[in-house]
There are 2 protein chains.
Amino acid sequence: MLEYIILGFLYQNSLTGYDIKKCIDQGVGMFYRVSYGSLYPLLDRLRNKELVTCSSEIKGKRETKKYEITDKGQQVFMQWLTEEEYENSSIEAFMARVYFFDLLTEATAFAIIQRYEAKLKVYLQELLKKKEKYEEAGRQRYYYKVSTLYFGICKIQSILDWCSVTKQKEDLNTLMKVERED
Amino acid sequence: MLEYIILGFLYQNSLTGYDIKKCIDQGVGMFYRVSYGSLYPLLDRLRNKELVTCSSEIKGKRETKKYEITDKGQQVFMQWLTEEEYENSSIEAFMARVYFFDLLTEATAFAIIQRYEAKLKVYLQELLKKKEKYEEAGRQRYYYKVSTLYFGICKIQSILDWCSVTKQKEDLNTLMKVERED
DNA sequence: GAGAGCATGTAATCAGTTACATGATTAC
DNA sequence: GTAATCATGTAACTGATTACATGCTCTC
């Protein structure tokens with residue numbers, strides 16, 4: 001996962017390890033975190049797989065390493081970005097992919113979001129069924145247990161809203177709730 | 001994390017490892033998953049720490065092991081459940097805790113949710129600032145990058161809605177969007 | 001000259017998965 | 001009799017964190 005995100009940031013610019021961490025923190029930090037302890041070994045692995053190259057630059061007394069994506073790396077990244085059977089797709093993993101969708105054609109991005117939306121709708125139905133079961137049983141004693149279920153349902157619904165707006169490249173502000181008092 | 005969740009399910013009933021997995025899958029499966037490969041070693045560890053005891057029962061030819069929480073285990077669980085400085089609190093971790101809030105007094109549950117809400121509001125303000133920056137820059141080229149930011153904001157807003165409803169033990173159905181056509 | 005930020009890395013550890021391995025019991 | 005489910009576990013591996021270790025460069 002992180003390997004692909006690194007490739008994604010290298011897709012547009014050559015960066016140092018340090019830069020990459022900053023990009024990840026600021027760009028997809030909501031969905032993924034990295035520590036240097038995992039980043040640098042990962043960069044070595046990417047180099048061994050020939051998905052990136054590395055060139056040392058000496059600025060004054062300090063050596064910095066700039067990483068550049070290779071053609072093979074670009075292919076691997078694009079493959080991941082458009083993969084139909086992207087299985088371990090938690091919403092976080094999905095959003096980390098969407099972050100790079102500006103690199104795709106509109107049609108491709110649309111299709112991927114649509115596929116994800118379809119899967120979510122199935123899942124939402126399951127949750128709604130589960131919720132009904134709980135309500136039948138009329139379990140007032142389990143208020144918080146039920147509330148976590150409601151949370152799950154709301155979450156899916158809000159992702160679905162996001163999908164429908166983003167898919168059409170509508171004005172994202174329609175997602176915001178205006179009537180918010182705090 | 002999983003250790004506490006296991007203790008939570010044992011808090012009310014003695015269970016086998018197999019049962020615990022079912023409870024986790026069905027109860028907090030939205031937030032956490034377990035495999036047997038992590039569950040059984042974890043149960044051993046809990047036993048070493050004397051947070052659970054284990055008794056073998058022989059049903060016919062099959063040996064089953066029932067796990068029971070100890071007093072110490074109950075204390076450790078309750079400590080976790082009410083901990084003020086619960087740092088690694090992703091929303092998933094938080095919700096996994098809320099799942100067990102029926103074990104708390106209303107006042108305690110209220111206070112914990114309120115604290116979480118306060119933190120989220122600060123975070124939301126940060127995200128809104130970041131969003132404004134993007135808009136100032138008027139980056140139409142980065143539609144999807146911005147859309148993931150909107151997603152983050154919507155997510156936080158929907159958690160805040162959940163907090164305000166749940167905190168007051170209001171009817172959870174008010175969280176549902178009625179005007180939903182699909 | 002001090003502190004923030006730039007820059008790279010290792011070692012120990014932790015938390016978890018996947019695949020393997022086995023076999024009993026129940027419901028149809 | 002067979003398939004689903006009950007039931008427990010190990011071994012190899014993966015992916016990541018935390019703490020440690022070092023030292024330069026820029027800005028005030």
Side-chain angles (χ1 to χ4, degrees), chain A residues 1-7 9-10 13-26 28-29 31-49 51-68 80 87-90 92-93 96, chain B residues 1-7 9-10 13-26 28-29 31-49 51-68 80 87-90 92-93 96:
Chain A
M1 187 65 214
L2 274 173
E3 287 185 1
Y4 296 110
I5 291 172
I6 293 170
L7 290 177
F9 283 109
L10 290 175
N13 305 297
S14 300
L15 298 166
T16 65
Y18 190 83
D19 290 335
I20 291 169
K21 174 150 164 56
K22 270 203 303 185
C23 286
I24 292 175
D25 289 348
Q26 285 162 28
V28 292
F31 317 115
Y32 278 92
R33 317 210 140 269
V34 229
S35 57
Y36 292 121
S38 59
L39 181 61
Y40 286 110
L42 228 45
L43 282 167
D44 284 344
R45 248 164 66 188
L46 287 171
R47 206 168 40 169
N48 288 336
K49 290 189 201 165
L51 305 180
V52 302
T53 55
C54 170
S55 57
S56 286
E57 286 177 22
I58 292 157
K59 286 183 185 173
K61 275 188 185 176
R62 179 161 44 178
E63 192 198 29
T64 67
K65 288 186 178 177
K66 254 202 173 142
Y67 290 90
E68 200 166 334
W80 169 74
E87 286 312 308
N88 85 330
S89 48
S90 67
E92 284 72 29
Chain B
M1 185 66 215
L2 274 172
E3 286 185 2
Y4 296 110
I5 292 173
I6 293 170
L7 290 176
F9 283 109
L10 290 175
N13 305 297
S14 300
L15 299 166
T16 65
Y18 189 84
D19 288 336
I20 292 169
K21 173 150 164 59
K22 269 204 302 186
C23 287
I24 291 175
D25 289 347
Q26 285 161 29
V28 292
F31 318 116
Y32 279 91
R33 318 210 137 270
V34 230
S35 57
Y36 292 120
S38 60
L39 181 61
Y40 286 111
L42 228 45
L43 283 167
D44 284 344
R45 249 163 66 187
L46 287 171
R47 206 169 39 170
N48 288 337
K49 291 189 202 165
L51 305 180
V52 303
T53 56
C54 170
S55 57
S56 285
E57 286 177 20
I58 291 155
K59 287 184 184 172
K61 277 188 186 175
R62 178 163 45 180
E63 191 196 31
T64 67
K65 290 186 176 176
K66 259 209 170 135
Y67 290 89
E68 201 165 335
W80 169 74
E87 286 311 308
N88 85 331
S89 47
S90 68
E92 284 72 29

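Order of the sequence lines sets the chain letters (A, B, ...), proteins ahead of strands, with each chain counted from 1.
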Check every strand shown and say whether A:D19 touches a base, only sugar-phosphate, or nothing at a heavy-atom separation below 4.0 Å. sugar-phosphate
If we count only N and O atoms by modelled type, under 3.5 Å, do the side chains of A:E57 and A:T64 hold a donor and an acceptor together? no
Shortest side-chain distance from B:R33, nucleotide among C:dG16, C:dT17, C:dG9: C:dT17
Interatomic distance where OH belongs to A:Y67 and C1' belongs to C:dT8 [whole Å]: 9 Å
Is there a side-chain contact between A:F9 and A:K21 (heavy atoms, below 4.5 Å)? no
Whole-Å distance, A:E63 CD to C:dG9 P, equals 7 Å
For a quick check of understanding: with a heavy-atom distance under 4.0 Å over all strands, which category does A:G37 fall into, base, sugar-phosphate or nothing? base
If you define the side chain from C-beta out and look only at heavy atoms, does anything of B:C54 sit under 4.5 Å from B:L43? no
With respect to the side chain of B:S35, which nucleotide from C:dT18, C:dT10, C:dC6 is positioned closest? C:dT18
So does A:K65 get a side-chain nitrogen or oxygen closer than 4.0 Å to the phosphate oxygens (OP1/OP2) of C:dG9? yes
Nearest to the side chain of A:L2, heavy atoms from C-beta on, is which of D:dA16, D:dG9, D:dT5? D:dA16
What nucleotide among C:dA7, D:dG15, C:dG9 has an atom nearest to a side-chain atom of A:R45? D:dG15
Atom CD of A:E92 and atom C1' of D:dA16: how far apart are they, to the nearest Å? 16 Å
Let me know the distance between CD of B:E3 and P of C:dC14, rounded to the nearest Å. 11 Å
With nearest nucleotide decided by heavy atoms, which residue, B:P41 or B:Y18, maps closer to the 5′ end of DNA chain D? B:Y18
Can you tell me if A:Y40 touches the phosphate of C:dT8, counting only side-chain N or O atoms and a distance under 4.0 Å to OP1 or OP2? yes
Just the rounded figure in Å: distance from P of D:dG15 to CG of A:L42. 9 Å
Just compare D:dG9, C:dT17, C:dG5 and give me whichever is closest to any side-chain atom of B:S38. C:dT17
Could you check which nucleotide pairs with C:dC28 in any of the strands shown, counting Watson-Crick or G-U wobble with both distances under 3.5 Å? D:dG1
Measure CD/A:Q26 against P/C:dG5 and give the value in whole Å, please. 12 Å
Report yes if a side-chain nitrogen or oxygen of A:K22 is closer than 4.0 Å to either non-bridging phosphate oxygen (OP1 or OP2) of C:dC6; otherwise report no. yes
Smallest separation among heavy atoms of B:I58 and B:E63, with atom names: CG1-CG, 4.2 Å
B:L39 CG to C:dT18 P, straight-line distance once rounded to whole Å: 15 Å
Spacing of B:Y36 atom OH relative to D:dT5 atom P, expressed in whole Å: 12 Å
Closest to the B:R62 side chain: C:dT25, C:dA7, D:dT8? C:dT25
Using a strict threshold of under 4.0 Å (side-chain N to carboxylate O), is an ion pair present between B:D25 and B:K22? no
So how far is it from B:I5 CD1 to B:L39 CG, rounded to the nearest 0.5 Å? 11.5 Å
